[in-house]
Amino acid sequence: MHFKRPSVLPGFWPAFSYTALYLTLVVLIPLSAVFLKAVTSSWEHLWRVISAPNVVASYRLSFAGSLVAGLISVLVGFLVAWVLVRYEFPGKALADALVDLPFALPTAVAGIALTSLYTENGWVGRYLTPLGIKVAFTPLGVVVALTFIGLPFVVRSVQPVLADADRELEEAAASLGATRRQIFWRVILPIVRPALFTGFALALARGLGEYGSVIFISGNLPMKTEITPLLIVSKLEQYDYAGATAIAAVMLIASFALLLGVNALQRRTRRFLETD
Amino acid sequence: MKHTLRTIPALMLASALFGAGPIKLLNVSYDPTRELYQEINAAFAKQWKAKTGADVVISQSHGGSGKQARSVIDGLQADVVTLGLAYDIDSIAEHARLLPANWQTRLPNNSTPYTSTIVFLVRKGNPKHIKDWEDLVRPGVSVITPNPKTSGGARWSYLAAWGYALKKNNGDDKKAEDFVARLYKNVPVLDSGARGSTTTFAQRGIGDVLLSWENEAFLALNELGKDKVEVITPALSILAEPPVAVVDKVAAKHGTTEVAKAYLEFLYSEEGQEIGARNYYRARSAQALAKFPNRFPVLQLFTVDELFGGWQKAQKRHFEDGGVFDRIYGVGR
């Protein structure tokens, strides 16, 4: 284990200390406060709160919803990035700017707009209802909101990598007789895979913590469409601070494990790329 | 020594800037009282100026009743609280000990200068023929009401429905629970607060009927127009008593105890009562009510104390984790 690595920039120790200090002040201390607050209550109470049926149902919805939305974001996000990098078309600069809009919009606005669109008599919902598809006030609505929020993360992660990718590699592959499919799977995808993982991890993390845009479209029905962050807020409104922080702690640990997993996957693919 | 000499002018400047200014009062209230307290504050400031010669500036803070109580517990400097239900002020007394537990006995009528009730807001022409509580559990009727776990108004609505079923079934608790469960089967979305539900119903066009505070229903009626919605008053409902209290410790710290008390007493004065009635609250004073004939339909009203043994009991049995509301949604274990 090397502690110090040579770098072109001087000042390893100041930089390292600042990183450690920053992570401690801004990330670790507030997060440990969560755990400290949680343990002010008895273990029995905490266990009862975090294992209550409606809370467990909310973990399921929050994690499954974020995973599905993350996957959709990866597929669609890659496509959007591809179009923005590889094609020239009128209004491209506008489309490029539009991608970032979900970052800037207050999430509640997004939630209200999506709800209006997808309710039974909304612009989109009225065409889906006869088909038997209900979006607003169902888990599907949660996925829609989280995809809206997650998409820019994937696009913005993949776009620069795709722009930097050497097109000569593709031409070389083609001249060596590779089919289009082979070029995609064996040349392009390995290059963008780490970026896709990054985008996925960001979208997933954001989805797990998302509150504003989801609570409007989800309907918040117990056991069916309550997301975990809503239950945290709901516990606070019932003055159950310890219970709220206990759920938050579960959320934190699970999210951290999930993100570690995604990062490990990403490292593996990068190593694969480097040894190639 | 040098330091103290230097701080003295600074202190004098500070007291000139802040001390001699008008008296400041913060009224932390719940959602639908915005318009009411705007009018009250102006009238009270005028009266206080005439009486004492001092200026008083009253700031208002609004939000869901429970959320507002939590802010006060967490340190929001409220001189007075005017919340949606007694339980929330009880919580401030219990968790932060900012006022004594018997606060509700300090002013007349359980410290509630005005009352309200729960009524129905329906679409123009009442296409689903919703006249009374029984119509809310019919299949195909979509009911909008917020989550009683987070909304004070929703707790009143829930208890109103329960009380109706209790009275109808000669006090049979099982039947009341069944009725309320059927009602919530017709609820497609649970917003976290009363204003959220009004928006869902009014702006997004969701649902056939909104369970609402009477005053909020009238505000929505004025806002949306009589060609869009109607107010339906059921034959029986709950007497909603949103209470008021001085937050002793905060007021003492600010030196505003006297003016805070006078402010709340003003609510009980004829002028205050009339402002309340004008803002669609049922004033306690018959004289004030008489100035707005035909505004408040007569209906049979029951109180939380009568049917539920007070807020503490109602809260524990119905809305706490593992309570009846959880059971209705299958959260029980």
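The sequence lines fix the lettering, A, B, ..., with proteins before strands; numbering per chain opens at 1.
Closest approach of Leu221(A) to Val187(B), counting heavy atoms only: CD2-O, 3.8 Å. In terms of heavy atoms, Ser91(B) sits closest to Tyr239(A) at OG-CE1, 3.0 Å. Between Pro188(B) and Phe137(A), the shortest heavy-atom distance links the atoms O-CB, 3.8 Å. Nearest heavy-atom pair, Phe325(B) versus Pro222(A), reported as atom, atom and distance to 0.1 Å: CE2-CG, 4.4 Å.
Looking at Asp321(B), both its backbone and its side chain come within 4.5 Å of chain A, counting heavy atoms on both sides. Looking at Phe319(B), the atoms closer than 4.5 Å to chain A (heavy atoms on both sides) all sit in the backbone: N, CA, C or O. Both the backbone and the side chain of Leu190(B) come within less than 4.5 Å of a heavy atom of chain A. When heavy atoms are compared at a cutoff of 4.5 Å, Thr119(A) approaches chain B solely by way of its side chain, counted from C-beta outward. When heavy atoms are compared at a cutoff of 4.5 Å, Glu120(A) does not approach chain B at all. In this structure, the portion of Asn121(A) lying under 4.5 Å from any heavy atom of chain B is its side chain and not its backbone.
Summarising the geometry, atom OG1 belonging to Thr150(B) is positioned 12.0 Å from atom NZ belonging to Lys235(A); distances are rounded to the nearest 0.5 Å.
Shown here is Tyr18(A), whose OH atom has no more than 12 heavy atoms of other residues, nucleotides or ligands within 6.0 Å. Enclosure of atom CZ in Phe35(A) by more than 12 non-hydrogen atoms of other residues, nucleotides or ligands within 6.0 angstrom is indicated. The 12-atom threshold is exceeded at CZ of Arg126(A), counting heavy atoms of other residues, nucleotides or ligands nearer than 6.0 Å. Other residues, nucleotides and ligands contribute over 12 non-hydrogen atoms within 6.0 Å of the CD atom of Gln312(B).
Residues Ile112(A) and Arg204(B) have side chains in contact (heavy-atom distance under 4.5 Å, counting atoms from C-beta outward). When side chains are defined from C-beta on, Gln238(A) does not count as touching Glu320(B), because their heavy atoms never get closer than 4.5 Å. Phe216(A) is not listed as a side-chain neighbour of Thr199(B), based on a closest heavy-atom distance of 4.5 Å or more. Taking 4.5 Å as the limit, every side-chain heavy atom of Lys149(B) sits out of range of all side-chain heavy atoms of Leu231(A).
Note: Leu236(A) leads Leu236(A), Val55(A), Asp240(A) in heavy-atom pairs under 4.5 Å with chain B. The most heavy-atom pairs under 4.5 Å with chain A, out of Thr200(B), Ile328(B), Asp88(B), come from Asp88(B). Between chain B and the residues Gly219(A), Gly243(A), Ser116(A), the largest count of heavy-atom pairs under 4.5 Å involves Gly219(A).
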Problem - Check against side-chain contact (heavy atoms from CB on, under 4.5 Å), Tyr241(A) and Ile73(B) - result: CA-CA 12 Å; Tyr241(A) 289 51; Ile73(B) 292 171; 4.3 Å; yes

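Here the side chain of Asn220(A) pairs no donor or acceptor atom with the backbone of Asp191(B) at under 3.5 angstrom.
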